[in-house]
Amino acid sequence: MEKKERRNLGSRLGLSVISPAFSPEELMQESSDVAANGSPNGTENGRLETFGSSASTLSSSDSIKAAYAYLPQTPIRSTDAHLIEFSEAMRTVAKALRRVAEGKAAAQAEAAEWKRKYELEKARNLQHKNEELEHEGCPCCMNGTLEDSLNKLTVHDASSDQNECCGNHGICSHQVLGDEAPAPIVNSAYKMVARKASFRLSWGCNGEKNGQHKHDVVSFEKGDITTASRSNKQILLKWETQPQTVFIITKPNSSEVRAIMPEMVRWLNEHQKINVLVEPRLREELLADDSYFDFVQTWEDDDDKKLLHTKVDLVVTLGGDGTVLWAASLFKGPVPPVVAFALGSLGFMTPFHSEQYRESLGNVIKGPFSITLRNRLQCQVIRDAAKDELETEEPILVLNEVTIDRGISSYLTYLECYCDSSFVTCVQGDGLIISTTSGSTAYSLAAGGSMVHPQVPAILFTPICPHSLSFRPLILPEYVTLRVQVPYNSRGQAWASFDGKDRKQLAPGDALICSMAPWPVPTACLVDSTTDFLRSIHEGLHWNLRKSQSFDGPPA
Ligand SMILES: NC(=O)c1ccc[n+]([C@@H]2O[C@H](COP(=O)([O-])OP(=O)(O)OC[C@H]3O[C@@H](n4cnc5c(N)ncnc54)[C@H](O)[C@@H]3O)[C@@H](O)[C@H]2O)c1
Ligand SMILES: Nc1ncnc2c1ncn2[C@@H]1O[C@H](COP(=O)(O)OP(=O)(O)OP(=O)(O)O)[C@@H](O)[C@H]1O
């Protein structure tokens with residue numbers, strides 16, 4: 001039976017299968033009915049009509065009779081056909097379930113977005129309310145001892161509004177951390193939250209530390225639409241309690257890193273009285289050199305690792321951009337502020353100079369300091385072969401990009417792309433990059449995408465070597481959900497890789513869903529977001545470097 005016919009049969013069976021009124025035996029009967037009634041010599045249109053209307057026009061006894069009439073003529077081929085039809089039906093069931101799972105992933109992304117909007121709205125309303133009442137502060141935001149804060153945190157009851165932050169002083173870290181702690185470990189997470197330093201974020205104009213709250217205000221009074229404030233200004237992070245735990249992440253096998261690391265750990269411990277946490281590999285390396293480092297902490301198992309964000313106040317990276325990507329990948333949820341020291345070649349995301357680590361870390365630990373909130377993409381692979389919606393794979397968060405390419409296949413990739421429910425295009429070429437704005441200066445740039453300031457709320461859609469003259473890269477708003485589907489008629493497989501790692505094969509029928517994750521990576525700025533970004537494109541890429549023309553040219 002031809003592919004197209006099988007697909008029509010599939011969609012008919014797919015509808016039947018998700019109805020609970022049909023048992024597997026009935027399904028088999030359905031498929032054999034269709035197989036029997038589709039004449040081997042019939043025209044395509046004829047078959048289409050048969051399939052499209054069989055439920056209403058054929059009684060099951062007619063079908064059985066037809067099947068019996070057909071079977072004796074070609075007993076072996078008929079049995080084969082029967083099996084093919086049955087496996088097609090099962091494939092269709094799998095497809096229907098996959099669609100349900102895709103719907104679920106999109107709904108989860110949408111729910112996260114609504115939650116974010118709700119939090120913003122809630123904070124705004126609270127601020128208005130508090131301004132009216134000339135409220136002076138709330139227990140959460142008032143200065144107090146660490147002991148006071150711990151007591152308040154441990155008695156915090158999520159269902160009560162009593163201890164809620166007034167929102168007067170920016171977004172309070174207690175709220176963010178409390179809200180995003182993974183559900184099954186609420187109790188232990190709360191215990192750990194109590195040990196974390198609290199901070200607040202404020203949005204202001206360049207250099208103006210006015211503590212302005214983030215508002216996405218669009219006023220439409222008297223029919224005139226005006227925006228009262230831009231959504232993203234330079235963000236400042238101010239500690240409310242002293243940070244206590246620093247997590248140091250280093251590039252492996254680097255002599256430069258090995259030279260600076262023990263010195264930094266010693267300084268943090270002795271001069272700043274700060275706990276130091278490292279990856280297990282690094283702790284072993286430190287202890288092998290000197291038993292002094294016995295106080296350095298690490299984690300023991302994956303459960304501990306999942307709780308890192310509840311324990312760590314600050315992340316320090318020693319390496320290049322790859323080390324920042326690695327650091328981000330260790331946090332599957334909220335990420336503490338990251339201070340990235342440049343010990344690599346390019347250093348787009350590593351603005352701090354390692355020789356000046358005492359001064360830089362001292363300033364950050366004291367605060368306030370500017371941060372860039374770098375959005376991450378949440379990517380989920382949905383397998384065609386998944387038997388049910390529970391079989392979806394763990395989502396992967398990327399700071400740069402997810403790439404879907406042809407891997408070792410020598411065929412063009414053939415990818416169908418959708419944005420929310422709209423069809424975008426088919427990518428025929430080497431592949432596609434779905435990038436964050438932070439990733440815009442990485443692989444996407446190499447494939448011809450624009451460089452975008454990391455604070456712009458956008459998703460980049462950049463083809464890799466498209467075999468078409470008119471396929472320009474797109475920049476889409478950050479709230480969309482993208483779906484990249486490997487169609488059934490694709491010649492080859494495709495491969496997805498996440499920040500250049502974790503390659504996953506995508507077979508025909510598999511899909512990848514991407515949306516903005518609710519957990520950005522806050523990176524500390526050396527100066528501010530814009531100055532750091534421009535410095536990195538000037539110094540890292542020598543952007544638009546050209547010798548100036550001399551003054552003594554032809555007369556005007
Ligand atoms: N043709 C290409 O340009 C190409 C090909 C594959 C991967 N990559 C990039 O490499 C990244 C993985 O980095 P890695 O260090 O683990 O691999 P790596 O060691 O191969 O280094 C890749 C290079 O990309 C640079 N880079 C990484 N993130 C950047 C960013 N946000 N802005 C500017 N430059 C950036 C790094 O500094 C490094 O020089 C991927 O996320 C991808 O963006 C680029
Ligand atoms: N803590 C870590 N554990 C395992 N791998 C890591 C770790 N830190 C970094 N890496 C990996 O090591 C590789 C090199 O790191 P990184 O990019 O920081 O250094 P680089 O290549 O010298 O610098 P640049 O990217 O600026 O050229 C990256 O692929 C990164 O994923």
Side-chain angles (χ1 to χ4, degrees), residues 247-258 260-261 277-286 298-299 305 308 315-331 338 340-354 372 374-377 379 396-407 429-456 458 460 462-465 473 495-503 514 520-521 523 529 532-543:
F247 178 20
I248 304 181
I249 301 170
T250 61
K251 168 170 81 170
N253 303 323
S254 157
S255 49
E256 238 185 317
V257 168
R258 228 175 277 131
I260 201 172
M261 165 75 186
L277 191 137
V278 297
E279 291 181 87
R281 162 190 61 84
L282 193 53
R283 186 172 191 276
E284 272 173 34
E285 279 177 24
L286 283 170
T298 190
W299 61 85
K305 197 170 152 190
L308 274 177
V315 176
V316 169
T317 64
L318 301 175
D321 294 318
T323 308
V324 177
L325 298 175
W326 180 270
S329 74
L330 295 177
F331 294 89
V338 178
F341 287 94
L343 285 155
S345 61
L346 267 190
F348 266 76
M349 296 186 283
T350 59
F352 291 93
H353 307 293
S354 55
T372 302
R374 295 179 182 276
N375 277 325
R376 291 196 287 178
L377 283 166
C379 313
I396 300 177
L397 297 169
V398 292
L399 174 54
N400 266 354
E401 77 287 286
V402 54
T403 305
I404 306 104
D405 60 34
R406 62 190 172 84
D430 279 358
L432 173 71
I433 300 166
I434 299 176
S435 170
T436 63
T437 45
S438 292
S440 71
T441 45
Y443 199 177
S444 171
L445 167 113
S450 277
M451 292 191 287
V452 187
H453 187 298
Q455 213 61 97
V456 174
L460 283 77
T462 313
I464 311 172
C465 298
W495 294 81
S497 60
F498 305 86
D499 282 343
K501 298 228 174 324
D502 300 331
R503 275 174 97 68
C514 294
V521 179
T523 54
S529 291
D532 285 9
F533 171 66
L534 292 175
R535 184 203 57 84
S536 63
I537 61 171
H538 286 140
E539 290 177 14
L541 293 174
H542 306 296
W543 180 60

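Here the structure is a predicted model, which is why all the values come from computation and not from measurement. Heavy atoms only: backbone and side chains are in, while hydrogens, waters and symmetry mates are out. All ligand and atom numbering here is 1-based and tracks the order in the structure.
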Taking 4.0 angstrom as the limit and counting only heavy atoms of Ala446, give me the atoms of ligand 1 inside it, by number and element. 1 (N), 2 (C), 3 (O)

Determine, counting only non-hydrogen atoms of the protein, whether one lies under 4.0 angstrom from atom 15 (O) of ligand 2. yes

Specify the protein heavy atom at minimum distance from atom 3 (N) of ligand 2: its residue, its atom name, and the distance to 0.1 Å. Trp326 CE2, 3.1 Å

Keeping the roles fixed (side chain from Thr403, backbone from Ile433), state whether a donor-acceptor pair exists under 3.5 Å. no

Just wondering, do Val402 and Cys514 contact through their side chains at under 4.5 Å, heavy atoms? yes

Protein heavy-atom partner closest to atom 38 (C) of ligand 1 - residue, atom, separation in Å: Leu346 CD1, 4.8 Å

Within-cutoff protein neighbour (heavy atom, under 4.0 Å) for atom 11 (C) of ligand 2: no

heavy-atom search around atom 7 (C) of ligand 1 in the protein gives Tyr443 CD1, 4.1 Å

Please write down residue, atom name and distance for the protein heavy atom closest to atom 20 (P) of ligand 2. Lys251 NZ, 3.9 Å

Go through the steps for Asn400 and Tyr443 under the test side-chain contact (heavy atoms from CB on, under 4.5 Å), then give the verdict. CA-CA 8 Å; Asn400 266 354; Tyr443 199 177; over 6 Å; no

Does the protein put a heavy atom under 4.0 Å from atom 17 (O) of ligand 1? no

Considering distance alone, does some N or O of Gly319 sit under 3.5 Å from an N or O of ligand 2? no

Flag for Ser438-Arg374: side-chain donor and acceptor within less than 3.5 Å: yes

Who's the nearest protein heavy-atom neighbour of atom 37 (O) of ligand 1, and how far? Asp321 OD2, 2.8 Å

Closest non-hydrogen protein atom to atom 17 (O) of ligand 2, residue and atom name please, with distance? Gly322 N, 3.0 Å

Using a strict cut-off of 4.0 Å, indicate which atoms of ligand 1 neighbour a heavy atom of Asp499. 12 (C), 40 (C), 41 (O)

Going by heavy atoms in the side chains, are Thr523 and Val338 under 4.5 Å from each other? yes

If you count the atoms of ligand 1 from 1 in the order shown, which ones are under 4.0 Å from a heavy atom of Thr441? 30 (C), 31 (N), 32 (N), 33 (C), 34 (N)

Verify side-chain contact (heavy atoms from CB on, under 4.5 Å) between Leu541 and Phe348, making sure each step is shown before the conclusion. CA-CA 9 Å; Leu541 293 174; Phe348 266 76; 3.4 Å; yes

For ligand 2, which atoms sit closer than 4.0 Å to a heavy atom of Glu279? 1 (N), 2 (C)

Between Thr441 and Phe533, is there a side-chain heavy-atom distance shorter than 4.5 Å? yes

heavy-atom search around atom 11 (C) of ligand 1 in the protein gives Asn400 ND2, 4.0 Å

Out of curiosity, is Ser438 lining ligand 1, as in a heavy atom under 4.0 Å away? yes

Name the closest protein heavy atom to atom 29 (C) of ligand 1, giving the residue it belongs to and the distance to 0.1 Å. Ala442 CB, 3.5 Å

Can you figure out which of Met349, Glu401, Arg374 has its heavy atom closest to atom 40 (C) of ligand 1? Glu401

Atom 15 (O) of ligand 1: closest protein heavy atom, distance to 0.1 Å, is Gly322 CA, 3.2 Å

Around atom 26 (O) of ligand 2, find the nearest protein heavy atom and jot down its residue, atom name and distance. Ser345 N, 2.9 Å

Here the pair of heavy atoms bringing Thr437 nearest to Pro454 is OG1-O, 3.0 Å

Where Leu460 and Ser450 come nearest, the two heavy atoms and their spacing: CD2-O, 3.6 Å

Looking only at heavy atoms, which two atoms of Leu277 and Leu308 are closest? And how far apart? CD2-CD2, 3.6 Å

re atom 23 (O) of ligand 2, the protein heavy-atom contact at minimum distance is Gly344 CA, 3.4 Å

To the nearest 0.1 Å, how far is atom 29 (O) of ligand 2 from its closest protein heavy atom, and which atom is that? Lys501 NZ, 3.0 Å

For the pair Phe341 and Phe352, name the ring-plane relationship: parallel under 30°, tilted 30 to 60°, perpendicular over 60°. tilted

Can you name the one residue among Leu318, Val316, Leu330 that meets side chain to side chain contact (heavy atoms under 4.5 Å, CB included) with Ile249? Leu330

Does the pair Thr436 and Glu401 meet the rule for a side-chain contact (heavy atoms from CB on, under 4.5 Å), with working shown? CA-CA 6 Å; Thr436 63; Glu401 77 287 286; over 6 Å; no

What do you reckon, does Ile249 put a non-hydrogen atom under 4.0 Å from ligand 2? yes

Hey, which atoms in ligand 2 end up nearer than 4.0 Å to a heavy atom of Asp321? 25 (O), 26 (O)

On a heavy-atom basis, which atom in Ser354 and which in Ile260 lie closest, and how many Å separate them? O-CD1, 3.4 Å

Counting non-hydrogen protein atoms only, what is the nearest one to atom 9 (C) of ligand 2? Give residue, atom name and distance. Thr323 OG1, 3.4 Å

Of all the atoms in ligand 1, which lie at a distance below 4.0 Å from a heavy atom belonging to Lys501? 16 (O)

Protein heavy-atom partner closest to atom 13 (O) of ligand 1 - residue, atom, separation in Å: Leu325 CD1, 3.6 Å

Among protein heavy atoms, which lies nearest atom 6 (C) of ligand 2, and at what distance? Pro252 CD, 3.5 Å

Ala328 versus Leu399, closest heavy-atom pair with distance: CB-CD2, 4.0 Å

Near Leu346, which atoms of ligand 2 are under 4.0 Å from a heavy atom of that residue? 26 (O)

Heavy-atom closest contact (Arg535 atom, Pro351 atom, distance): NH2-CA, 3.7 Å

